[in-house]
Amino acid sequence: AGKKMMQLAATRMGAAGGRCAMVDAVRSLRSLHRAAGPCVLANARRSCLGHPLSRLQQPAAGTRMFVSASAGSEGKCMRVAVVGCGPAGFYTARDIMKGLENVEVDFLEMLPTPYGLVRYGVAPDHADTKNVTAEFDRVLQDPRCQFMGNVCVGKDVSLADLRSMYHAVVLSYGAAADRDLGVPGETLEGSMSARSFVNWYNGHPFYSDLITSLESISSVSIIGNGNVAIDIGRILLKPVPELAKTDIADHAIDVLNKSKVEDVHIIGRRGVAQAAWTIAELREIINLQGINTHILSEEIKLDEVDAEMVAKKRPTKRMVELVQQTASKPKTAGANKNLHLHFLQSPVKVLPDEKNPSRLGAIELRKNVLEGPADKRKAVPTDSTKLLPCSMLLRSVGYKSLPMEGAPFDSKSHIVPNDGGHVEPGLYVSGWLRRGPNGIIGTNITDGHQTATTVLRSWNEGALEASKPGREALKKQLAEKGVEVVSLDGWRRIDQLEKEMGAKAGRPRVKLTSVKEMLKAAN
């Protein structure tokens, strides 16, 4: 089919010899793609490169390119399955498709919706950060790519089955669990992970009923001094009418409207110089309308080691100066909410409420001192402790990935052991599952590129098997199991409905927050 189509295209170009003829040929190729798929189209494109007009499609000088497929894999189509449709998966798939035209890439996502952490992790009032989905959409729109939502690897299809269907399987399903504090009482009612709270207000279907009321909660303590802790504090303290203009989940707006939270405590075990938040995030929360920020001056004094380090690092210096200035800033009369920033404090025990022993009522904090060199400051506990009353505790001390049956897993570091993204022949990993839960969305650009390069190298060296059935075999198995797969068109219908509901409410979108609702909209 590809050969016949190229003969037709060449005849048209030979007869007219101009740009319009090339347009006709491209249209013919598009028709071929719809009929025969991207791999046949790739072979047809490759045959067209000898025509003089093909130079119009060549990259500009200096453009970074991958090495194309080696002669040993010429004419063969590599079939790739990416498990997880978040930033790491997108960047990996993008760079695989940049480096090899003759490829099919299928995204397998547990939810009916793509984007992962961008949809369910980025704060609703940080819309600019979510603009990265435009780049992800370009990946999904590539005719060589297919989105398969509502497919759970390990349940609907095993990893072993996937590996038998695809030349390469890339695991990029992120980190769906949390690190514990490791202190007595942390499982009491009212104690939960920061991740689950973030998923709740962002409308993740698995967490929509996590919190039904904050009317009995007056004080919330968040353990951890990073951007996630700052995000949660801001959501709890920010005027609800401002949040209601965002894509925050409707159920979160309802609960926050009736919230009685007045005090938010953000607690870090090390000093102010080691705080992991950015100055932009910090400035945003301390400048919220109607709040006072409280910081104990003795907790932000710098010892000689930190003072020397801060003087050499301008971003850290600016952040420390902002904290110090905020600590000495006069309090605003009439402010009805309070932000408390604590440093050099570690929780050692979660205590039950006296009236309701099944629920937490306070946390015991132990004062720390810092020891060690500037780049390895360690929090060392002292004998000094204090009690801090609180009615909700959120643990923001790190995420961790979970193992998948059929893949090796390091239970200590909570990652899949790998070498440049390579795990075993035909099995690869990217993102948090590869390196651990650190960095920002953009960190996955380099990460994905490295894994993509490793996948392409394996293909070019002939290390991957030549014959694999790919998506057709997977679709057949899923159909036999009765799995309701959400396609890209299905996701577009969900997306359109959310945006239409949002337009009526003067918001970017109103998220569907149950899988049932999503599947109904997709169909």
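Note that the structure is a prediction, hence the values are computed from the model and not measured.
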Non-hydrogen atoms of [X] and [Y] that approach each other most closely:
X: Y91; Y: V132; answer: OH-CG2, 3.3 Å
X: T451; Y: G421; answer: OG1-CA, 3.8 Å
X: R493; Y: A521; answer: CB-O, 3.4 Å
X: S396; Y: I222; answer: CB-CG2, 4.1 Å

Taking NZ, NE, NH1 and NH2 as the nitrogens, is one of them in [X] or [Y] under 4.0 Å from a carboxylate oxygen of the other?
X: D353; Y: K355; answer: no
X: R509; Y: E500; answer: no
X: E135; Y: R94; answer: yes
X: D106; Y: R79; answer: no
X: K499; Y: D495; answer: yes
X: K337; Y: D263; answer: no
X: R119; Y: D247; answer: no

Which pairs with one or both residues in [range] pass salt bridge (charged side-chain N to carboxylate O under 4.0 Å, His left out), sequence neighbours excluded?
range: residues 194-214; answer: D178-R195
range: residues 393-422; answer: E186-R395
range: residues 214-232; answer: D231-R234

Verify salt bridge (charged side-chain N to carboxylate O under 4.0 Å, His left out) between K481 and D156, making sure each step is shown before the conclusion.
CA-CA 7 Å; K481 289 189 174 184; D156 299 324; over 6 Å; no
Counting distance only, does the side-chain N/O of [X] pair as donor-acceptor with the main-chain N or O of [Y] below 3.5 Å?
X: R144; Y: E101; answer: yes
X: S172; Y: V83; answer: yes
X: E498; Y: L512; answer: yes
X: Y173; Y: L402; answer: yes
X: D447; Y: T443; answer: no
X: S401; Y: G174; answer: yes
X: S191; Y: T187; answer: no
X: K468; Y: C77; answer: no
X: W200; Y: I211; answer: yes
X: R507; Y: T246; answer: yes

Does Q289, at its CD atom, have more than 12 non-hydrogen atoms belonging to other residues, nucleotides or ligands within less than 6.0 Å?
no
More than 12 heavy atoms of other residues, nucleotides or ligands under 6.0 Å from CD of Q141: yes or no?
yes
Rounded to the nearest 0.5 Å, what's the gap from [atom1] on [X] to [atom2] on [Y]? Could you check?
X: L288; Y: T293; atom1: CG; atom2: OG1; answer: 8.0 Å
X: L159; Y: L171; atom1: CG; atom2: CG; answer: 6.0 Å
X: K511; Y: H251; atom1: NZ; atom2: NE2; answer: 9.5 Å
X: L237; Y: N336; atom1: CG; atom2: CG; answer: 9.5 Å
X: F197; Y: N202; atom1: CZ; atom2: CG; answer: 10.5 Å

Between [Y] and [X], do the side chains contain a donor N or O and an acceptor N or O under 3.5 Å apart?
X: D161; Y: Q477; result: yes
X: E484; Y: N523; result: yes
X: N356; Y: S358; result: yes
X: S391; Y: S219; result: no
X: H126; Y: E284; result: yes
X: S196; Y: S193; result: yes
X: R434; Y: N444; result: no

Student check: side-chain heavy atoms of [X] and [Y] closer than 4.5 Å:
X: L111; Y: P205; answer: yes
X: K476; Y: E472; answer: no
X: Q146; Y: L488; answer: no
X: V183; Y: K349; answer: no
X: L433; Y: I415; answer: no
X: I266; Y: H340; answer: no
X: D125; Y: K238; answer: yes
X: D250; Y: T513; answer: no

Do the rings of [X] and [Y] sit parallel, tilted or perpendicular, given the 30° and 60° boundaries?
X: H204; Y: Y120; answer: tilted
X: Y115; Y: W491; answer: perpendicular
X: W459; Y: H167; answer: perpendicular

Partner residues of S514 under the side-chain contact (heavy atoms from CB on, under 4.5 Å) criterion, sequence neighbours left out
K516, E517
Residues passing the side-chain contact (heavy atoms from CB on, under 4.5 Å) test with K245, sequence neighbours excluded, are none
Ring pair (Phe, Tyr, Trp, His ring centres under 6.0 Å) contacts in which one or both residues fall within residues 213-232, not counting sequence neighbours
none
Among L478, V485, V82, L474, find the residue that satisfies the side chain to side chain contact (heavy atoms under 4.5 Å, CB included) test when tested with L108.
L474
Are the ring centres of F147 and F107 closer than 6.0 Å?
no
Please determine whether side-chain contact (heavy atoms from CB on, under 4.5 Å) holds for the pair R163 and E424, giving the CA-CA distance in whole Å, both sets of side-chain angles, and the decisive distance to 0.1 Å.
CA-CA 11 Å; R163 294 181 69 177; E424 296 174 349; 2.9 Å; yes
May I have the step-by-step check of side-chain hydrogen bond (donor to acceptor under 3.5 Å, both in side chains) for T92 and S430, ending in yes or no?
CA-CA 7 Å; T92 304; S430 67; 3.2 Å; yes
Test side-chain contact (heavy atoms from CB on, under 4.5 Å) on F206 and N199 and set out the steps.
CA-CA 8 Å; F206 298 168; N199 285 163; over 6 Å; no
